[in-house]
Amino acid sequence: MRRRELLKTALAGAAAFTLPSSLLTAAAAGQPDRHTRLGIVRRTIEVNGKAASVFGLQQEDGTPGLRLRAGDAFNVLLHNETAESTIVHWHGLTPSWPNDGVQDAPLSLIAAGANRSFDFPVGKPGTHWMHAHTLQEQALLAAPLIVADPKDDAADEQKIVILLHDFSFSSPEELLAGLQGKNVGAAMPMDHSAMDMAGAQTDAMAGMAHGGGAMAMDLNDIEYDAYLANDRTLDDPEVVPMEAGGRARVRIINGATATAFTIDLGELDGELIAVDGQPVEPVKGRRFPMTMGQRVDVRVQLPREARSFPILALREGRKERTGVILRPSGAAVAKVATAGADDAPVLDLALEAQLRATRPLALRPADKMFDMALTGNMSAYRWGLQTNVPIVVDPGDRVEVTLRNTSMMAHPMHLHGHHFQVVAIDGQRVAGAVRDTVLLPPNRSVTIAVDADNSGQWAFHCHHLYHMATGMMSTFAYRA
């Protein structure tokens, strides 16, 4: 994935950040007597009636992922029980940089059979997740990472977690090779970064609206074998028992590598209460979009009826879907097809413009401002991030970064080690949500504000795995 080369290029212009040798030693040694043991494992699941070997992140009793409480310490011994080297990123948490999970930034891969210990405060409550920062993420090396609020212990509501994936029987290396060799056709301009984007986007949207056209392939560039919710398809979905009339907080994680979804609650009325683990002023609705890497917390209440209710994730712009079934005691479970009658919505920024953080950043002017262009060449399958100057900040800065998508694919942009607030959409100021991952549709811009309060050389990248792997990765760097 040329990770080292990408990071070295991204760090140009920034002062070197030296990792203390004591931290490297502690991270490598491991202290199992006081840590929760988390295993990187190989496991077998069934997809479309066939056995599939995938990765997993699970505790010693087989529980996937971690559930912690706000205020706890993240005392975890990560043990690689597989035959492959790997590394894990704690997506949504804000540890010190020596605990981040990006190869050589600062730690090396965890070798087969090796341990690595992590010890840092988990921070505030929220819905997060953990995943490989390699192509192994495609092979389901991911799991939920939930930080519960102790104040919710007495709440009369069920807790439900749904982790979404896109799945292929092909290896991620094969998928990437196919993308790089794909011929997108003469009707599609080759170098999107040099296009007249307003006209191109109009053509692309028109093509999608009519169900085809060469431009429409920019929406989804991989046709997966299946779409999973908690490792299962709708042919054999997870059925979640509930009480009739019961209330639930549903935490949904888009762990897909290259697929955006719209969450569809069907007949249930929902209330969106958090995005990316950060609380927002409630938004009522039955459909909520989420791109790769994002999370949504939705509160639902079942009617007092003995009926089952599906919660579905609709593949962007297509008919495929996955999900789980909420089943009150005694209710029958009707089969839900893996494909709907109509194409699902194409994600936009309409919901983003509505969101308001309940814990916004303090109002203050920006000390540093940067402009970042998201570029792409679909025919060569090369993607990139270009800034007016390298992003180098000083501790205590308020930083604003304007992200401008000049390509014809959407990009979910994720910043490690921080939470940011959306403060402008297409140049219009908003007091938006606090997040760690934001969607950039084609020919749109979003400005984010970040408080520089966590020194390091942090990864800043597209959360479409194959865009990141082919160049769409940069660094949010602190001056030493």
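No donor-acceptor distance shorter than 3.5 angstrom exists from the side chain of Arg321 to the backbone of Leu234, with no hydrogens or angles considered. For Gln421 (side chain) and Gly432 (main-chain N/O), a donor-acceptor pair under 3.5 Å exists by modelled atom type. When atom types are taken as modelled, the side chain of Asp397 and the backbone of Asp367 share no donor-acceptor pair closer than 3.5 angstrom. Put simply, the side chain of Glu157 never gets that close to the backbone of Gln301: no donor and acceptor are under 3.5 Å apart. Judged by distance alone, the side chain of Gln138 and the main-chain N or O of Asp166 form a donor-acceptor pair under 3.5 Å. At distances below 3.5 Å, not a single donor-acceptor pair connects side-chain atoms of His35 with backbone N or O atoms of Arg37. When atom types are taken as modelled, the side chain of Gln294 and the backbone of Pro412 share no donor-acceptor pair closer than 3.5 angstrom.
Between Asp453 and His418 the shortest side-chain heavy-atom distance falls below 4.5 Å. Between Asp276 and Arg295, some side-chain heavy-atom pair lies under the 4.5 Å cut-off. Ile160 is listed as a side-chain neighbour of Met242, based on a closest heavy-atom distance under 4.5 Å. Inter-residue side-chain proximity for Phe261 and Leu347 is flagged as unmet; no heavy-atom pair is nearer than 4.5 Å. The shortest side-chain heavy-atom distance between Arg286 and Asp269 falls under the 4.5 Å cut-off. In this structure, the side chains of Phe420 and Val399 stay at 4.5 Å or more apart for every pair of heavy atoms. Put simply, the side chain of His467 does not reach to within 4.5 Å of the side chain of Leu374, judged on heavy atoms. His419 has its side chain within reach of Thr94: a pair of non-hydrogen atoms, C-beta onward, lies under 4.5 Å apart.
A salt bridge (Lys or Arg N to Asp or Glu O under 4.0 Å) check over residues 120-149, counting only residues at least two apart or in different chains, returns nothing. Among residue pairs with one or both ends in residues 69-79, those qualifying as salt bridge (Lys or Arg N to Asp or Glu O under 4.0 Å) are Arg69-Asp153; sequence neighbours excluded. Within the structure, the ring pair (Phe, Tyr, Trp, His ring centres under 6.0 Å) test picks out the following pairs touching residues 60-88 (sequence neighbours left out): Phe74-Trp90, Phe74-Phe120. Counting only residues at least two apart or in different chains, salt bridge (Lys or Arg N to Asp or Glu O under 4.0 Å) contacts with residues 84-102 comprise Arg42-Glu84. Pairs of residues two or more places apart, or lying in two chains, that qualify as salt bridge (Lys or Arg N to Asp or Glu O under 4.0 Å) and include a residue from residues 407-432 are Glu400-Arg429, Asp426-Arg444.
Taken from CE in Met130 to CG in Leu78, the straight-line distance is 9.0 Å, to the nearest 0.5 Å. Separation of atoms CD1 (Ile110) and CD1 (Ile40) is listed at 4.5 Å; rounding is to 0.5 Å. Atom CZ of residue Arg67 and atom CD of residue Gln59 lie 11.5 Å apart, to the nearest 0.5 angstrom. To the nearest 0.5 Å, atom CE of residue Met413 and atom CG of residue Leu403 are 5.5 Å apart. Within the model, atoms CG of Asn230 and CG of Leu163 stand 6.5 Å from one another, a figure rounded to the nearest 0.5 Å. Rounding to the nearest 0.5 Å gives a distance of 12.0 Å between CG of Asn254 and CD1 of Ile162.
For Arg382, the CZ atom counts as loosely surrounded, since its 6.0 Å shell holds 12 or fewer non-hydrogen atoms of other residues, nucleotides or ligands. Annotation: Asp156, atom CG; neighbour count of heavy atoms from other residues, nucleotides and ligands within 6.0 Å does not exceed 12.
For Ser407 against His411, the heavy-atom pair with the smallest separation is OG-NE2, 2.7 Å. Ile87 approaches Leu107 most closely through the heavy-atom pair CD1-O, 3.7 Å. Looking at every heavy atom in both residues, Ile252 comes nearest to Met290 through O-CE, 3.4 Å. Ala258 and Tyr224 make their closest contact through CB-OH, 3.5 Å (heavy atoms, listed as atom of the first residue, atom of the second, distance). For the pair Ala459 and Met473, the tightest heavy-atom approach, listed with the atom from each and the gap, is CB-CE, 3.8 Å. When every heavy atom of Pro289 is checked against every heavy atom of Val296, the shortest pair comes out as O-CG1, 4.5 Å.
With sequence neighbours excluded, the residues forming a side-chain contact (heavy atoms from CB on, under 4.5 Å) with Asp264 are Arg287, Leu312, Leu314, listed by chain and number. Qualifying side-chain contact (heavy atoms from CB on, under 4.5 Å) partners for Pro395, counting only residues two or more places apart in sequence or in other chains: Ser455, Tyr478. Take Phe460 and apply the ring-ring contact (aromatic ring centres under 6.0 Å, His included) test, not counting sequence neighbours, and it matches no residue. The ring-ring contact (aromatic ring centres under 6.0 Å, His included) test applied to His416 returns His89, His133, His414, His461, not counting sequence neighbours. For Glu271, the side-chain contact (heavy atoms from CB on, under 4.5 Å) partners are Ile273, Pro282, Lys284, Arg299, not counting sequence neighbours. Applying the side-chain hydrogen bond (donor to acceptor under 3.5 Å, both in side chains) test to Asn454 and every residue at least two apart in sequence or in another chain returns nothing. By the side-chain hydrogen bond (donor to acceptor under 3.5 Å, both in side chains) test, Arg315 pairs with Glu223, Tyr227, Glu320, sequence neighbours left out.
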Worksheet item: Does the salt bridge (charged side-chain N to carboxylate O under 4.0 Å, His left out) test come out yes or no for Arg43 and Asp231, once each step is laid out?
Response: CA-CA 11 Å; Arg43 57 200 179 93; Asp231 291 344; 2.7 Å; yes
Worksheet entry | Step-by-step side-chain contact (heavy atoms from CB on, under 4.5 Å) determination, Ser168 to Ile222 | CA-CA 9 Å; Ser168 176; Ile222 298 178; 5.8 Å; no
Discussion item. With side chain to side chain donor-acceptor pair (under 3.5 Å) as the criterion, how do Asp221 and Tyr466 come out once you've worked through the C-alpha distance, each side chain's angles and the decisive distance to 0.1 Å?
Written reply: CA-CA 10 Å; Asp221 50 9; Tyr466 302 98; over 6 Å; no
Fill in: Verdict with supporting geometry, Phe288 and Leu265, side-chain contact (heavy atoms from CB on, under 4.5 Å)
CA-CA 9 Å; Phe288 301 101; Leu265 305 179; 4.1 Å; yes
Discussion item. Determine whether Val446 and Glu352 satisfy the following criterion, side-chain contact (heavy atoms from CB on, under 4.5 Å), listing intermediate values before the conclusion.
Written reply: CA-CA 10 Å; Val446 171; Glu352 197 69 57; 5.9 Å; no
Worksheet item: Do Phe167 and Thr233 pass the side-chain contact (heavy atoms from CB on, under 4.5 Å) test, and can you show the C-alpha distance, the side-chain angles, and the key distance before you say yes or no?
Response: CA-CA 10 Å; Phe167 173 83; Thr233 70; over 6 Å; no
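Classified by interplanar angle (parallel below 30°, tilted 30° to 60°, perpendicular above 60°), the ring pair Trp129/His131 is tilted.
Taking 4.0 Å as the cut-off between side-chain N and carboxylate O, Asp297 and Arg251 count as a salt-bridged pair.
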